[in-house]
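Each remark here refers to the structure printed beneath this line.
Every chain is numbered from 1 and lettered A, B, ... according to where its sequence line falls, protein lines coming before strand lines.
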There are 2 protein chains.
Amino acid sequence: MENGAGHPEGLLLDEPSVGAPAGRRPRADAARNRAQILAAARRLFAEKDPRAVTMGDIARAAGVGRATLYRRFPDTASVAVALLDEHERELQGAMISGPPPLGPGAPPEERLAAFYAAMVDLLDRHLPLLLGAETGERRYTTGAYAFWRAHLRVLARAAGAPDPEALVEPLLAPLAPEAFAHQRDRAGLSPARIAAALAWSARRLLGGQDR
Amino acid sequence: MENGAGHPEGLLLDEPSVGAPAGRRPRADAARNRAQILAAARRLFAEKDPRAVTMGDIARAAGVGRATLYRRFPDTASVAVALLDEHERELQGAMISGPPPLGPGAPPEERLAAFYAAMVDLLDRHLPLLLGAETGERRYTTGAYAFWRAHLRVLARAAGAPDPEALVEPLLAPLAPEAFAHQRDRAGLSPARIAAALAWSARRLLGGQDR
DNA sequence: CATTCAAGCGGACACGGTGTCCACATAACC
DNA sequence: GGTTATGTGGACACCGTGTCCGCTTGAATG
């Protein structure tokens with residue numbers, strides 16, 4: 001990486017882009033349907049297992065035909081991604097240009113701990129959506145993931161870790177939606193306790209006692 | 001936990017039990033079919049995306065009817081679990097009673113590093129099966145997972161970590177099959193490099209300089 | 001305000017996978 | 001060799017997916 005202080009600037013702060021027509025202003029009924037779809041989907045994801053939500057469910061709950069739904073979203077995961085977009089962009093902004101320790105200016109281990117805390121909060125508040133959006137392999141191909149990855153690579157590098165590229169995945173893996181769901185709902189750990197354990201890990205891993 | 005040197009003894013060292021008749025000796029044709037099913041499934045999981053393998057695929061490749069397959073295995077994941085059983089039991093045995101550093105007798109951070117190395121090796125050799133067996137949430141409900149969990153809890157406790165229970169998940173998350181697949185096949189990291197990064201993490205996290 | 005036309009809509013279809021049922025076959029036991 | 005319990009697999013109904021095509025409707029134009 002050339003840029004020493006490099007941040008993953010502009011890596012995923014683009015427009016919503018998922019399910020929204022690009023060129024001209026959308027038609028009134030189209031916009032209304034889109035809003036109905038998103039509202040219905042948010043409800044459905046929350047009230048049953050997000051991975052069991054089908055395209056037919058969403059279309060029926062939104063009061064539109066299935067083909068109308070398919071016109072904008074290729075699958076249920078894309079709907080969830082659209083619902084998550086704004087929350088994730090907000091967090092990304094705070095990471096790039098917000099106040100420390102989440103933003104620039106704090107030592108790497110503290111920035112990592114703050115990132116963990118923010119992500120645990122995001123997971124806690126929007127777990128159904130995240131489960132619906134990032135099921136299985138899809139997690140790694142989504143745009144947001146590339147951003148988290150780039151961010152953590154910068155932090156690992158700044159902390160002088162031996163192989164930042166290879167360290168990124170272990171740092172990010174505990175934030176997998178399924179992992180969080182298991183800890184919170186199956187094992188009964190509070191989000192605060194999960195965040196505390198991650199903060200401890202962050203300081204152990206990137207803390208600068210020897211290097 | 002009462003048992004100070006406690007190991008999760010007998011937690012998952014039971015009989016294969018998946019798809020094998022329990023009580024009496026199985027019929028000759030049943031045993032033959034079972035072997036054909038497992039052989040065919042192993043082949044299929046290796047040659048295409050394990051998550052795209054269907055019950056019909058396995059039955060056809062094994063030369064048996066679909067209902068025969070359903071008699072033993074409720075879904076494709078169970079077939080993969082049966083194929084993994086022996087490898088995992090072998091590793092579990094080494095962890096409980098094998099030589100250090102994998103077995104008892106080494107400091108926690110070294111045992112964790114050895115566990116990571118062994119798991120990376122298992123993942124590298126049997127990734128298709130693991131992807132087929134532990135897709136998504138199922139990972140957390142499988143028997144083997146409970147064993148890894150218990151093992152890491154013991155190590156974290158021995159290292160004096162503040163909240164071993166909450167630390168287990170972050171320690172285990174990087175070993176999710178999807179995470180490994182992404183690192184090795186998408187990011188192009190060699191298993192050795194992945195293992196090295198995990199070993200470094202293990203020593204930072206559980207290494208005993210300050211506790 | 002009437003006309004025109006592209007964009008949006010949704011009912012209907014074909015396909016493929018799942019899980020179950022039941023009539024038949026066959027190995028194991030007497 | 002006859003009997004029985006177990007194993008087998010073809011067939012069925014159901015559900016979700018993804019696509020096609022004729023109809024509707026909003027918006028731009030004269």
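Centroid-to-centroid, the aromatic rings of A:His182 and B:Tyr145 come within less than 6.0 Å.
Applying a 4.0 Å cut-off to non-hydrogen atoms, none of the residues of residues 52-61 of chain A approaches DNA chain C.
When the P atom of D:dT8 is taken as reference, atom CD1 of B:Ile37 falls 7 Å away, rounded to whole Å. The nearest whole Å value for the distance from the CZ atom in B:Arg72 to the C1' atom in D:dT8 is 10 Å. Between the CG atom of A:Asp75 and the P atom of D:dG18 there is a distance of 7 Å, given to the nearest Å. Rounded to an integer number of Å, the gap from CZ of A:Phe73 to P of D:dT17 is 15 Å.
Classification of B:Glu110 and B:Arg203 as a salt-bridged pair holds, one side-chain N sitting under 4.0 Å from a carboxylate O. Ion pairing of A:Glu178 with A:Arg51 is present here, as a side-chain N (NZ or NE/NH1/NH2) and a carboxylate O approach within less than 4.0 Å. Salt bridge annotation for A:Asp163-A:Arg157: absent, with no cationic side-chain nitrogen under 4.0 angstrom from a carboxylate oxygen.
With sequence neighbours excluded, the residues forming a side chain to side chain donor-acceptor pair (under 3.5 Å) with B:Glu134 are B:Arg139, listed by chain and number. B:Arg184 pairs by the salt bridge (Lys or Arg N to Asp or Glu O under 4.0 Å) definition with B:Asp124, not counting sequence neighbours. Applying the salt bridge (Lys or Arg N to Asp or Glu O under 4.0 Å) criterion to A:Arg43, with sequence neighbours excluded, gives no partner residue.
Taking only side-chain nitrogens and oxygens, A:Thr68 comes nearer than 4.0 Å to OP1 or OP2 of C:dG10.
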Using atom names, set out every protein N or O paired with an N or O of nucleotides 22-26 of chain C below 3.5 Å, distance rounded to 0.1 Å.
| from | atom 1 | to | atom 2 | distance (Å) |
| --- | --- | --- | --- | --- |
| C:dT26 | O2 | B:Arg27 | NH1 | 3.3 |
| C:dT26 | O2 | B:Arg27 | NH2 | 3.4 |

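For the side-chain contact (heavy atoms from CB on, under 4.5 Å) with B:Phe180, the lone residue among B:Leu123, B:Leu122, B:Leu130 that qualifies is B:Leu123.
Listed nucleotides D:dT19, D:dG9, D:dG7 differ in distance to A:Tyr70; the shortest reach to its side chain belongs to D:dT19. Of the candidate nucleotides D:dG7, D:dA11, C:dG10, D:dA11 has the atom lying nearest to any side-chain atom of B:Arg66. For B:Ala67, whose side chain is taken as the heavy atoms from C-beta onward, the closest listed nucleotide among D:dG18, D:dT8, C:dT20 is C:dT20.
Among residues at least two apart or in separate chains, side chain to side chain donor-acceptor pair (under 3.5 Å) pairs with a member in residues 52-64 of chain A are A:Lys48-A:Asp57, A:Thr54-A:Asp57.
Counting any heavy atom pair closer than 4.0 Å across all strands shown, A:Asn33 reaches sugar-phosphate atoms only and no base atom.
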